[in-house]
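This report concerns only the one structure given below.
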4 protein chains.
Amino acid sequence: MDRPESRPAGRPRDADADDRIIDAALAEYAAHGHAGYSLNGVARRAGVGKSSIYLRWADKESLLVDAVHARAEAPWIDTGSLRGDLEAVVTWLLRHFLTEVGWVAVRIAIDGVQTDTSAPRPEKVGAQHAQVIHDVWERALSRGEVDPGDAGTWLRVTRMMYGDLLMNAMLDRARLRGLDDDERAREARDLVDLMMLLLQR
Amino acid sequence: MDRPESRPAGRPRDADADDRIIDAALAEYAAHGHAGYSLNGVARRAGVGKSSIYLRWADKESLLVDAVHARAEAPWIDTGSLRGDLEAVVTWLLRHFLTEVGWVAVRIAIDGVQTDTSAPRPEKVGAQHAQVIHDVWERALSRGEVDPGDAGTWLRVTRMMYGDLLMNAMLDRARLRGLDDDERAREARDLVDLMMLLLQR
Amino acid sequence: MDRPESRPAGRPRDADADDRIIDAALAEYAAHGHAGYSLNGVARRAGVGKSSIYLRWADKESLLVDAVHARAEAPWIDTGSLRGDLEAVVTWLLRHFLTEVGWVAVRIAIDGVQTDTSAPRPEKVGAQHAQVIHDVWERALSRGEVDPGDAGTWLRVTRMMYGDLLMNAMLDRARLRGLDDDERAREARDLVDLMMLLLQR
Amino acid sequence: MDRPESRPAGRPRDADADDRIIDAALAEYAAHGHAGYSLNGVARRAGVGKSSIYLRWADKESLLVDAVHARAEAPWIDTGSLRGDLEAVVTWLLRHFLTEVGWVAVRIAIDGVQTDTSAPRPEKVGAQHAQVIHDVWERALSRGEVDPGDAGTWLRVTRMMYGDLLMNAMLDRARLRGLDDDERAREARDLVDLMMLLLQR
DNA sequence: CTTTAAACGAGACGGTACGTCGGGTCTTACA
DNA sequence: TGTAAGACCCGACGTACCGTCTCGTTTAAAG
């Protein structure tokens, strides 16, 4: 019997180490901030040699990007209506931007912007958000709730939504933390009201 | 005879050095990015001893914050109408977020967010934006274009505006860079259209 | 099977680096004097990172002490007579105090004296001299050339010998440098004449 | 009308400052040792600007040399006999090498030795010792206690004396500190016994 | 069962930047 | 012109971390 790609010789990677390293990376970042996020610290916390990290990632930045990507799970959303989907997305993001991993993702995305060049940059971090938004749009299209010609408006409106949530998470973090589920739902409804207004203009 | 506050003893600070240091800091940041922004490098570029920097700022982070604050000038806007003011603000921001200093300010603001605590954080960087937005609102109020009860909506709408522009600057930087003045004006008009719609709902 | 002490984990120390560092330290000291002896310079000259030095020594002073200790070799002396041994010691010291390492050792010994306290101080530098003198005494004792009761006189006489050579090396260095082997031997004989006189009083 | 040396224009030197600086220099050296002897500290302790120090001395080393020279007073010795003079000198030195200023002088003399060159070096520190020894010799000569041909022996014997006292002060400092006047006198007599033996050989 | 080969932990390696401190010079206002 | 104060440029200090390297050990497949 054939095995298309046989395992390479030598001792196999310790799959558990990946997890321990990723968790340690996020924990160190959370504990000491960007400046205090050190690979020495990650290795120590993960109980792992530095070489095991460098076998897997090229540098501390790549590790952080992958860690965020690995731990930031997008919800699976399909409520049956555009409005419902949007409320679900907004509710998710209201929480997400308050989490450690969610905010690290924001920092990475901002840091990754090259100010001087138009060179393509690693899009890993934002990809799952793009996917969620795209799916909502596709389902709304297939239900006939939106018109293919509104793609431009859709883009702008979702951008405004992200922006509002980002600014909110940045400037009013303490209040947002204190919200219970009902209040969060109301907050989401208010924002979606405006979005629907713009989309149905 | 009055001498409100006499000069302190000793050789006075070299005022020119402040400027050279600030320019060097921004230039180093621009040249080598966040990771490569080193105080040794700043001192070398400014032709200044490290101690002269540490006499003025506590650490490299404070220097960067102050440098951004010192070099990021807000426009003086008063067009006579809410719509005109908003278009002027948007046009300014469309440029601003593409500049080195403008984007460094964004990074600093994002980095300054404490994820774990609600402790007050240095607001220096965002203050001038807040001022500009506040002034537009006050003038619109005094002209009777808006209602004092709409303050909440105003807050949300401007947040959405900033967010749209931020996301745009982050995700579509290359295109934005290529715009000429007319295109930028059109872009601004489109966004303000949506904002006015929401404000006058 | 015995393995008295197994090697510790991790990459082993580079034994060659020790030598390079020690040589560099003495060379820097010789080149730039006490004031110009800098660890940065030592690291540069040895082609070594500063961390590799601080892994081995606590500070620049300890390095210098160890360097002197490592490079200052005492001769192996056993001529068969007290007079012969003393002449050998004196001849050695006449050279030794003119060498770089020999004189650095003197400076360290002098600097190490605590003027205000009687606390014990690192004796490393002087230990080998003490050993040589002690051995000469023991052999003379076993040959019956001296009396155990003369220990006090022996101590004083050898102290005077060291002192004479030290003062000579300090005040008349240029002349001493110019001596050839015969002259040095005569110089040694003259001093030992006096010492024998005192010992046999 | 003539004024032989007219006071120079401008503010006159503060005569008291010299003393305060010298005392501060020795005190700082005593307090923090060679490494901790800093001009900043001296200026602070003396209540003086650094520039006032640099107006008087070229660098911190010169200041220390002068400070030692200014504060190290030699005794005036004339007992009427060679033996008496020598005992007085030894008794003085037994104390002197235990004092702060006395030992600093030793360090400076040792440090000043150029290991690589025969260039003349500042002899200031040793000069007064040389003078005292010379005077004792001259008086002994004029009394007919020694022969002019013994100058070489005199040189060597005094060198041995200094050396014995130096080594003693270095290696056995604690014991020497504890001596009372009688014990010190006995110690001096013992050494002078040996010296006289060598001189009268 | 032995060999081979890679991953593992540990930690030393050469560098570089940190923030502090001291040296010797310079620039002020005052005496 | 001297003085006290203190800023100036420079460069060393000792620490921390980067990304690489070199060990001896462990693991699992191949021979």
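Just so it is clear: chains get the letters A, B, ... in the order the sequence lines come, proteins before strands, and each one is counted from 1. Owing to the predicted nature of the structure, the values given are computational and were not obtained by experimental measurement.
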Side chain of [X], heavy atoms from C-beta onward: which of [options] has the nearest atom to it?
X: Arg20(A); options: dG9(E), dT3(F), dC8(F); answer: dG9(E)
X: Asp59(D); options: dG24(E), dG14(F), dA7(E); answer: dG24(E)
X: Tyr54(A); options: dA5(F), dA4(F), dC18(F); answer: dC18(F)
X: Leu39(B); options: dA5(F), dA6(E), dG19(E); answer: dG19(E)

Q) Considering heavy-atom distances to DNA chain F, does Gly10(C) or Arg56(D) have its closest nucleotide positioned more toward the 5' end? A) Arg56(D)
Q. Just checking Gly47(B): base, sugar-phosphate only, or nothing, at a heavy-atom cut-off of under 4.0 Å?
A. sugar-phosphate
Q | Main-chain N/O of Ser62(B) paired with Asp59(B) side-chain donor or acceptor, under 3.5 Å | A | yes
(Q) Test your reading of the model: is there a side-chain donor-acceptor pair from Arg56(C) to the backbone of Ser52(C), 3.5 Å cut-off? (A) yes
Once you round it to whole Å, what is the distance between [atom2] of [N] and [atom1] of [X]?
X: Asp16(C); N: dT22(F); atom1: CG; atom2: C1'; value: 15 Å
X: His32(B); N: dT16(E); atom1: NE2; atom2: P; value: 14 Å
X: Trp57(B); N: dC18(E); atom1: CH2; atom2: C1'; value: 18 Å
X: Arg13(B); N: dC26(E); atom1: CZ; atom2: C1'; value: 16 Å
X: Leu55(B); N: dT20(E); atom1: CG; atom2: P; value: 11 Å
X: Ile53(D); N: dC26(E); atom1: CD1; atom2: C1'; value: 16 Å
X: Arg45(D); N: dA4(F); atom1: CZ; atom2: C1'; value: 19 Å
X: Asp14(A); N: dT26(F); atom1: CG; atom2: C1'; value: 11 Å

Got a donor-acceptor pair under 3.5 Å from the side chain of [X] to the base of [N]?
X: Arg11(C); N: dC21(F); value: yes
X: Lys60(A); N: dG19(F); value: no
X: Ser51(D); N: dA5(F); value: yes
X: Lys50(D); N: dG24(E); value: yes
X: Ser38(A); N: dC18(F); value: no

Q | Atom of Ala31(A), atom of Arg45(A) and distance for their closest heavy-atom approach | A | CB-NH2, 4.1 Å
(Q) On a heavy-atom basis, which atom in Asp111(C) and which in Arg107(D) lie closest, and how many Å separate them? (A) OD1-NE, 3.4 Å
Q.
Here's a test of your reading of the structure: between Asn40(B) and Asp18(C), which maps to the more 5' nucleotide of DNA chain E?
A. Asp18(C)
Q. Start at the 5' end of DNA chain E and walk down; is the nucleotide closest to Ala15(C) or to Ala15(A) reached first?
A. Ala15(A)
Q) If only side-chain N and O atoms of Ser52(C) are considered, is one of them under 4.0 Å from the OP1 or OP2 phosphate oxygen of dC13(E)? A) yes
Q) Below 4.0 angstrom, N of the basic side chain to O of the carboxylate: do Asp23(B) and Arg71(B) qualify? A) yes
(Q) My understanding is that only one of Leu26(A), Val104(A), Val42(A) makes a side-chain contact (heavy atoms from CB on, under 4.5 Å) with Tyr37(A); could you say which? (A) Val42(A)
